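Source: prediction; values computed, not measured.
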Amino acid sequence: MINQYYIDMGQRIKLRRKELKISQTELAELIDVSNNHMSNIENAKTKPSMDNFIKLCEVLKVTPDYLLLGSIHINNIPLEIYDKLRLCSKDDLKLANSIIELLVKRNHSQWNSNNFI
């Protein structure tokens, strides 16, 4: 019997696939399984192998946490931001890091003044 974790994981796979506008057939081809097998994974009729699970994470651009647990955050970073950062060049990432450092300093200063630390 397949438990609720696999049902939920199949739903998350399907949801993310649709967000990325990938058909079930395309996803099956990308991870090198039959369309029938992909359907069975999405509908929790079968469990993906570890190799297929890793391929699903790569193709769907999600972390294992997302597929397994439904966490939409990567270390408390919304998936949307993470996905966009993955498309940036190294120079853009350095710039983004500098901006984030400024935000952290600003928030730390506000937190210190508001909390007397």
Side-chain angles (χ1 to χ4, degrees):
M1 182 178 151
I2 302 288
N3 66 30
Q4 188 64 42
Y5 292 113
Y6 291 103
I7 294 169
D8 294 343
M9 183 175 66
Q11 290 172 345
R12 285 189 283 273
I13 290 168
K14 184 176 184 176
L15 175 67
R16 183 65 178 154
R17 174 177 61 75
K18 288 184 175 191
E19 286 174 350
L20 296 174
K21 296 178 177 42
I22 300 173
S23 72
Q24 191 177 75
T25 301
E26 290 171 320
L27 181 56
E29 289 174 6
L30 289 168
I31 68 165
D32 198 27
V33 298
S34 70
N35 190 49
N36 189 46
H37 188 66
M38 190 68 247
S39 175
N40 286 339
I41 292 171
E42 285 188 3
N43 292 302
K45 293 179 182 175
T46 190
K47 301 171 188 176
S49 69
M50 182 60 76
D51 288 342
N52 288 339
F53 179 77
I54 292 167
K55 289 177 189 176
L56 282 167
C57 291
E58 290 173 355
V59 170
L60 297 175
K61 300 176 184 165
V62 295
T63 63
D65 283 356
Y66 173 74
L67 290 185
L68 292 172
L69 306 172
S71 171
I72 58 170
H73 295 84
I74 301 158
N75 298 325
N76 295 323
I77 300 170
L79 186 58
E80 173 185 349
I81 293 172
Y82 176 76
D83 283 344
K84 289 176 183 172
L85 286 172
R86 288 181 61 169
L87 299 174
C88 291
S89 69
K90 286 184 180 185
D91 288 339
D92 289 342
L93 289 173
K94 286 179 185 177
L95 177 60
N97 187 51
S98 297
I99 293 168
I100 291 167
E101 285 179 10
L102 289 172
L103 293 171
V104 168
K105 285 179 186 177
R106 183 185 74 177
N107 287 325
H108 184 70
S109 297
Q110 289 175 351
W111 191 85
N112 283 342
S113 66
N114 292 338
N115 294 291
F116 309 104
I117 292 182

Please assess Lys55 against Glu58 for the test salt bridge (Lys or Arg N to Asp or Glu O under 4.0 Å), listing each intermediate value before the final yes or no. CA-CA 5 Å; Lys55 289 177 189 176; Glu58 290 173 355; over 6 Å; no
Show the numbers, then the answer: is there a side chain to side chain contact (heavy atoms under 4.5 Å, CB included) between Leu60 and Leu27? CA-CA 9 Å; Leu60 297 175; Leu27 181 56; 4.2 Å; yes
After noting the C-alpha distance and the side-chain angles of Val62 and Leu56, does the key distance pass the side chain to side chain contact (heavy atoms under 4.5 Å, CB included) rule? CA-CA 8 Å; Val62 295; Leu56 282 167; over 6 Å; no
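The distance from the CD1 atom of Ile100 to the CG atom of Leu93 is 9.0 Å, given to the nearest 0.5 Å. In this structure, Asn97 CG and Leu102 CG are separated by 10.0 Å, a value rounded to the nearest 0.5 Å. Note that the NZ atom of Lys18 and the CD atom of Gln24 stand 9.0 Å from one another [nearest 0.5 Å]. The distance from the OH atom of Tyr6 to the CG atom of Asn43 is 15.5 Å, given to the nearest 0.5 Å. Expressed to the nearest 0.5 Å, how far CE of Met38 lies from CD of Glu26 amounts to 12.5 Å. To the nearest 0.5 angstrom, Asn52 atom CG is 9.5 Å from Thr46 atom OG1.
When every heavy atom of Lys61 is checked against every heavy atom of Arg16, the shortest pair comes out as O-NH2, 3.7 Å. In terms of heavy atoms, Leu67 sits closest to Cys57 at CD1-SG, 3.7 Å. Smallest separation of non-hydrogen atoms from Ser34 and Ala28: O-CB, 3.7 Å. Closest heavy-atom contact between Phe53 and Pro48: N-CB, 4.3 Å.
Looking at Asn3, its side chain does come within 3.5 Å of a backbone N or O of Tyr5 through a donor-acceptor pair.
Leu87 and Leu20 fall into different hydrophobic clusters, where Ile, Leu, Val, Met, Phe, Trp and Tyr are joined by side-chain heavy atoms under 4.5 Å apart, directly or via other members.
Glu42 pairs in a side chain to side chain donor-acceptor pair (under 3.5 Å) with only one of the listed residues (Arg17, Arg12, Lys14), which is Arg17.
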